[in-house]
There are 2 protein chains.
Amino acid sequence: MTKLDETDRKIIRALQREGRLSNQDLSQRVNLSPSPCLRRVRNLERAGVIDGYAAIVDQEAYGLPVTVFLQVRLDRHSQENVTAFETAVAGIDEIMECYLMAGDRDYLLRVVVASLADYEEFIRRRIHKIPGIASLDSSFAFGVVKRSQVLPG
Amino acid sequence: MTKLDETDRKIIRALQREGRLSNQDLSQRVNLSPSPCLRRVRNLERAGVIDGYAAIVDQEAYGLPVTVFLQVRLDRHSQENVTAFETAVAGIDEIMECYLMAGDRDYLLRVVVASLADYEEFIRRRIHKIPGIASLDSSFAFGVVKRSQVLPG
DNA sequence: ATTATTCCTGGCAGAATCTACCAATATTGT
DNA sequence: ACAATATTGGTAGATTCTGCCAGGAATAAT
């Protein structure tokens, strides 16, 4: 993929807002006829700019009202510890996001669970089992003020 | 919406993974024929359990490689300050997520920008303009270890 | 146990959509 | 100006969507 022009960006913006837009509607919104529009979408998908599509689900309605941000520090940053932690993270469903951070906290995780009791269980049975963790710091969210799927620009 | 049964959950899981599954494919995966499957999906949408669909876009490929977590404290928690802050947040595109937090930090924001210079600009021109902010604390992410669209359970 | 009610299912068919191929147009570099 | 390349819009066959209907399972009441 060489570069994104304004039409590509329009397509991306539209699909971030409405991921199931039909190609016809999409093509109208970006002032293109259906076939070049579809081709651009497929190119963006092939190039990995569009990485997939997802249904956005209401956590509470789904029965998972509790969001916790968990900051993790490892004791030593040996390759072992790092890969052990990161592969463990990949396999734990409650961890929706994990970022490698600058500063004194190594990782920031967003964790989603049904209750506080489940969170305790989650820490005990999932996190404490991972070797090489030096410290944990949990911050609870009261609620979501904003959540957007549309990147700026 | 009364409650989610196992078929509803299967549908939700499938659509979180592949938001553009055709109804036919979806119905096969959840062992249903197309029409009841479609009806369930529409019900989930109407009930707000499925809140929409979105294309998942690669931040870097889109030209926004920098992710920063910004923790904000307000001086006083007057209704004024809170609504001023929250409406401001809603209107700022670089803020992808904003959580109201327990503990001494009031808000946690995930901010996406193209560069460090843009982040400085963002703080100066967007955040410092909001009244009632007592403190800011920015944490930079080196990278994404995991990001999932599929809720656990 | 039987009946009635309700909800859910699956099949059907017309309408809408997708998508690969074509020639024509626009863009780019020399 | 020209050639090479990329992009566009139209078309048509195949696929998919989706509202409607009758049949069947589950539940509740008598």
Side-chain angles (χ1 to χ4, degrees), chain A residues 1-64 114 149-153, chain B residues 1-64 114 149-153:
Chain A
M1 195 101 204
T2 49
K3 216 178 164 191
L4 305 178
D5 65 12
E6 190 46 34
T7 306
D8 290 324
R9 286 172 180 275
K10 274 199 223 164
I11 288 174
I12 290 168
R13 256 176 267 142
L15 289 177
Q16 283 178 318
R17 266 186 273 271
E18 295 180 58
R20 291 202 72 144
L21 264 181
S22 76
N23 185 56
Q24 295 202 160
D25 290 354
L26 178 61
S27 66
Q28 280 177 233
R29 285 188 211 197
V30 302
N31 300 322
L32 228 56
S33 70
S35 19
C37 183
L38 182 65
R39 211 141 359 114
R40 278 168 180 269
V41 172
R42 292 289 176 266
N43 283 341
L44 291 167
E45 289 168 355
R46 237 176 291 123
V49 181
I50 294 177
D51 208 45
Y53 300 86
I56 307 306
V57 175
D58 183 308
Q59 274 183 37
E60 301 213 9
Y62 191 71
L64 297 168
Q149 300 294 330
V150 184
L151 292 167
Chain B
M1 195 97 202
T2 49
K3 216 178 162 190
L4 305 178
D5 65 11
E6 190 48 33
T7 306
D8 290 324
R9 288 174 177 272
K10 273 199 221 165
I11 289 174
I12 290 168
R13 257 176 266 142
L15 288 177
Q16 283 178 319
R17 268 186 272 268
E18 294 180 57
R20 291 201 72 144
L21 265 181
S22 76
N23 184 55
Q24 295 204 161
D25 289 354
L26 177 61
S27 66
Q28 280 179 233
R29 286 187 210 197
V30 302
N31 300 323
L32 228 55
S33 71
S35 25
C37 183
L38 182 64
R39 208 137 5 110
R40 279 168 180 270
V41 172
R42 291 289 176 267
N43 283 341
L44 291 166
E45 289 167 356
R46 237 177 290 125
V49 181
I50 293 178
D51 208 47
Y53 300 86
I56 305 307
V57 175
D58 183 308
Q59 275 184 37
E60 300 213 10
Y62 190 69
L64 297 168
Q149 301 295 330
V150 184
L151 292 168

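Not measured: the values here are computed from a predicted model. Scope of the values below: all heavy atoms of this structure, side chains included, with no hydrogens, waters or symmetry mates. Every chain is numbered from 1 and lettered A, B, ... according to where its sequence line falls, protein lines coming before strand lines.
One atom, CG of Leu4(A), and another, C1' of dA6(D), lie 16 Å apart when rounded to the nearest Å. Put simply, CD on Gln28(A) is 14 Å from C1' on dG9(D), counting in whole angstrom units. In this structure, the CD1 atom of Ile11(B) is 13 Å from the C1' atom of dT9(C), given to the nearest Å. The separation between Asp5(B) atom CG and dT9(C) atom C1' is 13 Å, rounded to whole Å. Residue Arg40(A) contributes atom CZ, which lies 14 Å from atom P of dA6(D) at whole-angstrom precision. Nucleotide dC8(C) holds its P atom 8 Å from the CG atom of Asn43(B), rounded to whole Å.
From Leu44(A), atom CG reaches atom CG of Asp58(B) across 11.5 Å, with rounding to the nearest 0.5 Å. Rounded to the nearest 0.5 angstrom, Ile50(A) CD1 and Gln16(A) CD are separated by 8.5 Å. A distance of 6.5 Å separates CG in Leu32(B) from CD1 in Ile11(B), rounded to the nearest 0.5 Å.
For the helix from dA1(C)-dT30(D) to dT30(C)-dA1(D), the rotation axes defined at the first and last 5 base pairs enclose an angle of 50°, given to the nearest 10°.
For Arg9(A), the side-chain contact (heavy atoms from CB on, under 4.5 Å) partners are Leu4(A), Glu6(A), Arg13(A), Tyr62(B), not counting sequence neighbours. Residues passing the side chain to side chain donor-acceptor pair (under 3.5 Å) test with Gln149(A), sequence neighbours excluded: none.
For the pair Arg40(B) and Leu26(B), the minimum side-chain heavy-atom distance is 4.5 Å or more.
The salt bridge (charged side-chain N to carboxylate O under 4.0 Å, His left out) analysis of residues 45-57 of chain A, with sequence neighbours excluded, yields the pairs Arg42(A)-Glu45(A). Legend: side chain to side chain donor-acceptor pair (under 3.5 Å) pairs involving residues 20-32 of chain A, not counting sequence neighbours, sorted by first then second residue: Glu18(A)-Arg29(A).
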message: Using a 4.0 Å heavy-atom cut-off to protein, can you give one letter per nucleotide of nucleotides 10-25 of chain D, 5' to 3': B if the base is in contact, S if only the sugar-phosphate is, - if neither?
response: B-----SSBB------

